[in-house]
Amino acid sequence: MQFVDEASIIVEAGKGGNGCLSFRREKYVPRGGPDGGDGGHGGSVYLIGDDALNTLIDFKFQRFYKAQNGQGGMGRQMSGKAGEDLHVKVPVGTTVIDEDTLEVIADVTEIGQVVLVGEGGRRGLGNIHFKSSTNRAPRRTTTGTDGDRRYLRLEMKVMADVGLLGMPNAGKSTLIRSVSAAKPKVANYPFTTLVPNLGVVKLGMHEHFVMADVPGLIEGASEGAGLGLRFLKHLTRTRLLFHVVDVAPFDESDPVEAAKAIVHELGQFSPALSERPRWLVLNKFDLLPEDEREERAQKIIQALNWEGPVFRISAISSDGTEKLVQAAYRWLTEQRRLENEDEEALAREQEMRRRMEEESVARTEDRLGRRRKRDDEDDEDFDDDDYDVEVEYAP
């Protein structure tokens, strides 16, 4: 299945039914009076989180979603039937943005979470409501109102506990293949990974966590270079980052400079995301002679002024990966325990997530704004004269 994490759709709620103009007409019932019923309310449009979905590809083929209109009122004081609500399933982790105002409407982060994105129109009133002592035969009714019509942008961010961060060809896909059942494409050239991949790392019967592999970053990713800007947003859902560094790059580039470039791009995209706990994972140690491995590791650690956890692994042979995932599981378990027991810890986590989401949305708004400006400039450059055709009539 193709991975699609962005889509634009149109939702339209149902129109409310009109009120009815009717008078009672029965034999032996003189002056029956007004009996026009009310219309039915229009149906509303809701989005609902569904864990069975992991892509927005369905919204590439169907872009318009409309709820049912309310039925008009009828005589004998009979109200019209309300329009049925429309429930549209979206993947958990979907952010809903109004394309006209660039306002974030909602963030679907839980299974079964329901979000109202289009409210149905209100019903019209029948003439029975306008009867009074001075107006015994009212001919006044009201019409139903239109339902909301909105242009929405859906952006899905994968829900994972650990995110893999690094340059192309650093070995991130190999690592997730080594510790989980995920099978992303692996090859000896950059940008093998074109879409995010999720893998469930199982350590026991009830011990597991989710790991996300996103396409590699390059310098300038925060400004849109490569695939970084589009997929860097997925890391805002994670709790822990593994910064994977290739200690023996095939192009003989400097691992330290590559690591610094990643840190810079991370901070440019989201300062809050750059504050997330990050572990240094030195990969491809099997490509170095044994007597040079520790010396190479210490040079990288010292050059980066690294003070956090460091793990030396070989993802392709799974050497050191068990120690890495065990440590990650213990850390995640401890973090959840702290948040459950300490309100301050929970508040800090919620504030961190709020900041990351705001910064991610700001990036999206900036990108959409630039696109809209570019489209407007293209429209201004359009000239009907450019498409004039001279017609010659042959005798």
Side-chain angles (χ1 to χ4, degrees), residues 1 3-7 9 11 13 44-59 65 67 85-98 103-119 148 150 152-163 180 182 196-202 206-212 214 231-241 270 272-273 276-277 328-329 331-362 364:
M1 179 184 295
F3 180 85
V4 177
D5 64 345
E6 296 180 354
I9 64 173
V11 297
S44 298
V45 182
Y46 296 89
L47 302 183
I48 181 169
D50 188 351
D51 63 336
L53 301 176
N54 56 13
T55 177
L56 297 175
I57 189 171
D58 292 342
F59 299 99
Y65 296 84
D85 295 333
L86 177 64
H87 290 81
V88 182
K89 295 181 179 179
V90 297
V92 174
T94 299
T95 301
V96 187
I97 302 172
D98 189 314
E103 173 193 4
V104 177
I105 298 174
D107 203 9
V108 183
T109 58
E110 298 179 1
I111 300 172
Q113 180 180 347
V114 179
V115 177
L116 174 65
V117 293
E119 187 173 3
D148 293 337
R150 306 180 82 169
L152 303 179
R153 183 171 186 81
L154 306 180
E155 291 201 349
M156 190 197 76
K157 304 182 184 72
V158 297
M159 305 292 287
D161 301 300
V162 175
S180 74
N197 294 288
L198 290 181
V200 179
V201 182
K202 293 186 176 180
H206 303 290
E207 300 173 345
H208 64 273
F209 64 87
V210 180
M211 181 180 291
V214 300
F231 295 115
L232 201 56
K233 62 188 178 186
H234 292 284
L235 296 180
T236 60
R237 302 287 190 187
T238 60
R239 290 172 172 267
L240 176 64
L241 298 176
S270 169
L273 180 59
R276 265 298 194 210
Y329 179 76
W331 186 89
L332 292 169
T333 302
E334 179 64 16
Q335 287 300 116
R336 294 191 182 97
R337 186 191 65 80
L338 286 175
E339 291 170 16
N340 290 332
E341 298 177 358
D342 187 349
E343 292 184 358
E344 292 186 1
L346 178 60
R348 285 195 299 270
E349 175 63 22
Q350 292 175 340
E351 175 64 16
M352 176 71 74
R353 289 181 178 273
R354 184 193 63 78
R355 287 178 54 202
M356 287 191 297
E357 187 61 32
E358 286 183 352
E359 291 165 356
S360 177
V361 169
T364 299

Verdict with reasoning, Asp107 to Val96, per side chain to side chain contact (heavy atoms under 4.5 Å, CB included): CA-CA 6 Å; Asp107 203 9; Val96 187; over 6 Å; no

Are Arg153 and Glu6 close enough, and set up right, to give a salt bridge (Lys or Arg N to Asp or Glu O under 4.0 Å), and what steps lead you there? CA-CA 7 Å; Arg153 183 171 186 81; Glu6 296 180 354; 2.8 Å; yes

If you apply the rule salt bridge (Lys or Arg N to Asp or Glu O under 4.0 Å), what do you find for Arg336 with Glu334, and how did you get there? CA-CA 5 Å; Arg336 294 191 182 97; Glu334 179 64 16; over 6 Å; no

Under the salt bridge (Lys or Arg N to Asp or Glu O under 4.0 Å) criterion, do Glu349 and Arg276 qualify, and how do the steps go? CA-CA 10 Å; Glu349 175 63 22; Arg276 265 298 194 210; 2.7 Å; yes

Report the C-alpha separation of Val162 and Val210 in whole Å, then their side-chain angles, then the decisive distance to 0.1 Å, and conclude whether the side chain to side chain contact (heavy atoms under 4.5 Å, CB included) test is met. CA-CA 6 Å; Val162 175; Val210 180; over 6 Å; no

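In this structure, Glu343 places its CD atom where only 12 or fewer heavy-atom neighbours from other residues, nucleotides or ligands lie under 6.0 Å away. The neighbour count for Glu341 CD, taken as heavy atoms of other residues, nucleotides or ligands under 6.0 Å away, is above 12.
Residues passing the ring pair (Phe, Tyr, Trp, His ring centres under 6.0 Å) test with His87, sequence neighbours excluded: Tyr46. Every residue meeting the ring pair (Phe, Tyr, Trp, His ring centres under 6.0 Å) condition with Tyr65, not counting sequence neighbours, appears here in chain and number order: Phe59. The ring pair (Phe, Tyr, Trp, His ring centres under 6.0 Å) search around Phe209 returns none, not counting sequence neighbours.
Distance alone, capped at 3.5 Å, is enough to place a donor-acceptor pair between the Asp148 side chain and the Glu119 backbone. One N or O on the side chain of Gln113 and one on the backbone of Thr109 form a donor-acceptor pair closer than 3.5 Å.
Rounding to the nearest 0.5 angstrom, the gap separating the CG atom in Leu116 from the CD1 atom in Ile105 is 9.5 Å.
The side-chain contact (heavy atoms from CB on, under 4.5 Å) test with Ile48 singles out one residue from Val115, Val114, Val108, Ile111, and that residue is Val114.
At a threshold of 4.5 Å between non-hydrogen side-chain atoms, the residues Pro277 and Leu240 count as touching. Residues Leu332 and Arg239 meet the side-chain proximity criterion, which asks for heavy atoms closer than 4.5 Å.
Residues Leu56 and Ala7 come closest through the heavy atom pair CD1-N, 4.2 Å.
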